[in-house]
Protein chains: 2
Amino acid sequence: MNAALQATADSGQAPHAHTGAWVAGVLRSRISAGQLAPGSKLSEQKLSEALGVSRNTLREAFTVLAGESMVQRIPNRGVFVAAPGAEDVREIYRVRRLIEPAAVQSGEMPPGALEHLEAIVAKAQEAKAAGSVLDMADANQELHKALVGLSGSATLARLMEKVLAEMRLVFHAMSTAPDFHSHYVDLNAALVEQIRAGRRAEAAAELRRYLDAAERELLVHLGAVPAEPATKGGADR
Amino acid sequence: MNAALQATADSGQAPHAHTGAWVAGVLRSRISAGQLAPGSKLSEQKLSEALGVSRNTLREAFTVLAGESMVQRIPNRGVFVAAPGAEDVREIYRVRRLIEPAAVQSGEMPPGALEHLEAIVAKAQEAKAAGSVLDMADANQELHKALVGLSGSATLARLMEKVLAEMRLVFHAMSTAPDFHSHYVDLNAALVEQIRAGRRAEAAAELRRYLDAAERELLVHLGAVPAEPATKGGADR
DNA sequence: AGGAATCGGATTGTTCAACAATCCGAGCAA
DNA sequence: TTGCTCGGATTGTTGAACAATCCGATTCCT
């Protein structure tokens, strides 16, 4: 834990933009990279001296990150790296299930978007061939971000980015992280193919199935839902 | 301007929650209420002494509000109440057009939601009968928030709240504010009626038309689009 | 006179040091 | 063991200080 903290303090001499925003960026990166484990406490004193900034400035960064729900602030207790649970996963997929298919189905399709999608798919297939799980995960996230990008809305793109950041936290929070992504590379390819063919409604429907399956897989792995029986909507919470 | 600032400084003795969040709440209310005009500058010194908080604490509130894009922060210049323009209106409706119909069409319809919708419609009709434009506007926003609420997602509800806050800013930014809302009361009623009847797809389609019309009306009033010809996309900014 | 460079005041950005408020755990008592 | 109190540690908030930057007005040159 300590190693991760003081690791990048060397670049501490050049707070490019506003120092607060810079600190927020540094912490955001480390959290997304998993260097700061979900649930771990971020001490004001340690972090401020490790990053070479004032406690006040660090606090500003905390405010930013709390607004993005990357960290959780508990009054008089401190800030902790967000640790999403099963209910958070359900919420994540509630959002994705609403936004992604809608963007696919009724997006305005800016020029070059299709090529962008296909480039990402190619990258994912490359990563799969090379067996690089990390690159596959990255490409996967990039693809879904691009799908939302079809809507042409910067707001929704930002929201999706936030959601994907939370997804990374979910993965980091899982003790054992099996290969969730390789299954989906081919599905992604098929999806983009359908979009290319103009079969937007079918693509959206397939995407919905995709998301349902992914959510279920995650919940099962979190032990929040039984593995097999898929009938009545049973255990909630 | 000054009157609005020091107006509520009387309650300044009881910062209930964390002072930063409290200040952010106060400012948010005043901005939404139009007491702080869009584009106006929020001076750190004046505001901090008017609210009876430290400059540092006020700054934390600014960070929060900037994260919600209620204010715009310009480095070394200060923070200003957000002043949405035509492009922002287009972005707002890009989001609404994607989210609201999707929520109507595929929302999970929690119990009591329908009654809630109808209660809001009733309130709106009441307000229309009484000629209270303000209550109509409130009911209108409440209805659309409730529509998104059908999705069951707190994240999307928050996003919609942010969007609606920006809408209020748009109205406040308009010099002349004619009656945008009375047209839509009956449309809202019809919409809820269709939802009640289970005709979700039709309701979503009607909602889309609704949103297109509202956006166009706003853009026309902002002078960002010609009044009649509905063909080529013309003047940008 | 018109325009460019300059200067001074004002505001923001950041840090530091201090104090109050709160929480957590250790130690003690019943 | 259970419950209480106390002390240390951390957070919340403030005030003051200084550097950096920006804006407007004055001044100077052509």
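So that the names make sense, note that chain A is the first sequence line, chain B the second, and so on, each numbered from 1. Every value quoted in this text rests on a predicted model; they were computed, and no experiment measured them.
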Quick one: A/Trp22 CH2 to C/dG13 C1', roughly how many Å, whole number?
15 Å
From C/dC23, C/dG13, D/dT13, pick the nucleotide closest to the side chain of B/Arg55?
C/dG13
Reckon A/Thr57 has a side-chain N or O less than 4.0 Å from the OP1 or OP2 of C/dT15?
yes
If you check the A/Ser43 side chain, which of D/dT11, C/dT22, C/dG13 turns out closest?
D/dT11
Nucleotide C/dG9, atom P - distance to CD of B/Gln45 in whole Å:
16 Å
Is a salt bridge present between B/Arg97 and B/Asp212, judged by a nitrogen-to-oxygen distance below 4.0 Å?
yes
A/His181 ring center within less than 6.0 Å of A/Phe171 ring center
yes
Between atom CD1 in A/Ile74 and atom P in D/dT10, what is the gap in whole Å?
16 Å
Between C/dT14 (C1') and B/Glu60 (CD): distance, integer Å:
15 Å
Counting C-beta onward and ignoring hydrogens, is there a side-chain heavy-atom pair between A/Leu218 and A/Tyr93 closer than 4.5 Å?
yes
Any B/Arg77 side-chain N or O less than 4.0 Å from OP1/OP2 of D/dC23
yes
When the distance from CG of B/Asn76 to P of C/dT12 is rounded to whole Å, what number comes out?
10 Å
Have B/Ser48 and B/Arg55 got a donor and an acceptor in their side chains that come within less than 3.5 Å?
no
Can you tell me how far P of D/dT11 sits from CD of A/Glu49, to the nearest Å?
12 Å
Picking from C/dG13, C/dT15, D/dT13, which would you name as closest to the side chain of A/His18?
C/dG13
Expressed as a whole number of angstroms, how long is the span from B/Phe62:CZ to C/dT14:C1'?
16 Å
Closest to the 5' end of DNA chain C, once A/Asn56 and B/Arg59 are matched to their nearest nucleotides, is B/Arg59
Any salt bridge between B/Lys145 and B/Glu161, counting N to O under 4.0 Å?
yes
Return the nearest nucleotide to the side chain of A/Arg73; candidates are D/dT10, D/dG12, C/dT12.
D/dG12
Quick one: are the ring centres of B/Tyr210 and B/His144 less than 6.0 Å apart?
yes
Quick one: is D/dG12 close enough that its OP1 or OP2 comes under 4.0 Å of any side-chain N or O from B/Thr19?
no
From the candidates C/dT14, D/dT21, D/dT11, the one with an atom nearest any side-chain atom of A/Glu44 is D/dT11
Taking five pairs at each end, how big is the angle between the two axes of the helix from C/dA1-D/dT30 to C/dA30-D/dT1, to 10°?
10°
Select from A/Val79 and B/Pro75 the residue whose nearest nucleotide in DNA chain D is closer to the 5' end of that strand.
A/Val79
Are A/Glu215 and A/Arg96 within salt-bridge range, i.e. N to O under 4.0 Å?
no
Just checking, any donor-acceptor pair under 3.5 angstrom between side chains of B/Ser69 and B/Glu166?
no
Between C/dT14, D/dT10, D/dT14, spot the one nearest the side chain of B/Ser54, thanks.
D/dT14
